[in-house]
Amino acid sequence: MRKRLHEGLILLSQTISLETSDRLGSGVAELSAFRADDRPGWTREVFSEPYRASRDWTAARMREAGLEVHVDAAGNIVGRLAGRVPSAPALVTGSHTDTVDGGGRFDGIVGVLGSIEAARLLQDSGRQLERDLLVVDFLGEESNVFGLSCLGSRSAAQEMTREDLERRDYRGVSLGQAYTDFGLDPSRLSDVPWAKDPLHAFVELHIEQGPTLEKRGLPLGIVTAITGIERFIATFAGSAGHAGTTSMEDRRDAMVAAAEAVLAVRAEGCGAPTHGVATSTRVESESRSPNVVPSLVRMYSEVRSVDSSWLSGVKGRLTADIAAKAADLGVDVGFEWSTDNTVVQADRGVQDVAGAAADALGLPWMPIPSGATHDAVHMASLAPMGMIFIPSKNGKSHCPEEFSSTDDIAVGVHALVATLRHLDGADTHTSA
Ligand code: GLV
Ligand code: MN
Ligand code: MN
């Protein structure tokens, strides 16, 4: 295995041009410069000013690469490379350029810059694809202040609901209003003609965001399934009182009930039989004074797994466990549960094609599940879907330390090009 890896990478390093490395390296540097300078890391959240400004840069980069660019009604930036047969269902690739608060420079960006570079390499090869290739920078993939991920791909897949648009952020602003303020019409989000046409396949290049590929010394992972995500907001209602005079046994302390719930969420993740993770990200108390027993506390949590039968039981188990612990403390609790996405399997045929493409390049790879969610989840309802992962240094992601080398990205781009070429001639719909 080590010998093949060595040979494959040497072979490929001879193919990777300096221009490709320069474009990928400068692309990461230039795009990362669009960031909120009052926040840590490389923060470029959906609907923010740095995000708005970065989109002109991305569209210009697509045009320079020879793509015909438009912004669709869902806010996705779409670059088209014309194929030989205009009526053939298109191939689609792409990812996102928004980041989480305090995030890094590679999550999503690699898939957008990598797809633009793939379109260039396909043109430079002088062999036109049969079908159109659409390179998409999907609007707002990261979960945001509205608690909803994958805004652009969700809309393209007709999966954005009226209730979703009524979600409110901490200031009381609705998601629909945020779209309007950004210059998009929330009543037209599903009016996306390219996504209504039959599509041949969707492939997303992405960083792994975990440690497995690096630990195993592998340059590529081919995704088998993408995690499902269940989220909830729990509101704990106890009773306010003087922190100096209310005895410990007389308290109905909402903060203590929330603390018990944080531990219950963690225990749920630790108890998953195969894959499961559970995280509480925020606990907010209405009480601002240091000398008042907290009476109203809100807690935000999520649970993820690629094991849909385990994940489907989470809501019942956690609701019962947290409510029982709160009742012992004399605290009432209410839950708002929402499914961000269910578990999605990658298409078997696309996995096989991507694996064969990597083999043809002499690049070793492994099948790998994704614990992060992706635009590919929603694209899977429109086309046979697959994903290609490249290694993440120390497995770090959603933090400033996130890193993948330009060489690793270039290897991923070549695997993407080979996969797109193979898919162009393959009948994906027999294996979907
Ligand atoms: C996106 O990266 C997510 O998995 O939340
Ligand atoms: Mn991502
Ligand atoms: Mn992310």
Side-chain angles (χ1 to χ4, degrees), residues 28 31-32 35 39-46 48 51 54 58 76 93-115 136-154 202-213 221 223 225-232 269 275-282 300-306 311 338-344 346 368-380 385-392 395-404 409 412 416:
V28 170
L31 191 47
S32 326
R35 56 182 283 269
R39 300 298 306 158
W42 281 270
T43 299
R44 190 170 49 259
E45 291 177 290
V46 68
S48 66
Y51 184 59
S54 75
T58 305
N76 304 307
T93 181
S95 194
H96 62 99
T97 52
D98 62 311
T99 70
V100 294
D101 183 35
R105 291 169 295 165
F106 299 89
D107 173 5
I109 288 99
V110 157
V112 173
L113 297 176
S115 299
V136 187
D137 174 10
F138 291 101
L139 183 87
E141 185 268 357
E142 299 291 0
S143 188
N144 45 43
V145 283
F146 305 97
L148 194 69
S149 68
C150 301
L151 301 182
S153 50
R154 191 181 290 271
F202 174 76
V203 190
E204 181 168 355
L205 175 67
H206 206 281
I207 59 169
E208 182 203 335
Q209 308 182 269
T212 310
L213 294 177
V223 170
I226 302 176
T227 190
I229 307 178
E230 297 291 343
R231 292 207 167 97
F232 68 88
H275 163 253
V277 284
T279 313
S280 296
T281 46
R282 215 158 79 217
Y300 298 74
S301 305
E302 61 154 60
V303 186
R304 301 185 181 209
S305 180
V306 291
L311 193 60
S338 60
T339 301
D340 195 61
N341 61 266
T342 54
V343 180
V344 173
I368 189 167
S370 175
T373 195
H374 301 284
D375 292 302
V377 162
H378 303 279
M379 289 306 295
M385 173 279 282
M387 290 192 76
I388 300 170
F389 278 178
I390 61 162
S392 292
K396 299 291 272 181
S397 185
H398 283 188
C399 57
E401 295 79 19
E402 185 176 88
F403 183 79
S404 297
I409 303 172
L416 176 65

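All residue numbers in this chain count up from 1 along the given sequence. As a basis for the values below, the full set of heavy atoms in this structure was taken, side chains included, without hydrogen atoms, waters or symmetry mates. For ligands, and for the atoms within them, numbers begin at 1 and follow the listed sequence.
Of all atoms in ligand 1, listed by their number and element, those nearer than 4.0 Å to a heavy atom of Ala372 are 4 (O).
In summary, no N, O or S atom of His374 is located under 2.8 Å from the Mn ion (ligand 2). Not one N/O/S atom of Glu141, from backbone or side chain, sits under 2.8 Å from the Mn ion (ligand 2).
The distance from the NE2 atom of His96 to the CZ atom of Phe138 is 10.5 Å, given to the nearest 0.5 Å. Atom CG of Leu148 and atom CG of Asp340 lie 6.0 Å apart (nearest 0.5 Å).
Of all the heavy atoms in Arg44 and Ser32, the pair that sits closest is NH1-CA, 3.9 Å.
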Using the side-chain contact (heavy atoms from CB on, under 4.5 Å) rule, take Glu302 and Ser143 through it: C-alpha gap first, then chi angles, then the decisive distance, then the call.
CA-CA 11 Å; Glu302 61 154 60; Ser143 188; over 6 Å; no
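A ring-centre distance under 6.0 Å is found for His374 and Phe389.
When the heavy atoms of Arg304, Gln209, His96 are ranked by distance to atom 5 (O) of ligand 1, first place goes to Arg304.
Residue contacts with ligand 1 for His374 are absent, since no atom lies close enough (heavy atoms, distance under 4.0 Å).
Checked against Ile207 for a side-chain contact (heavy atoms from CB on, under 4.5 Å), the options Val110, Leu213, Ile409 give a single hit: Val110.
Considering the Mn ion (ligand 3) as centre, the angle to NE2 of His398 and to OE2 of Glu142 is 110° (10° rounding). Considering the Mn ion (ligand 2) as centre, the angle to NE2 of His206 and to OD1 of Asp107 is 90° (10° rounding).
Nearest protein heavy-atom contact of atom 1 (C) of ligand 1 is Glu142 OE1, 3.2 Å.
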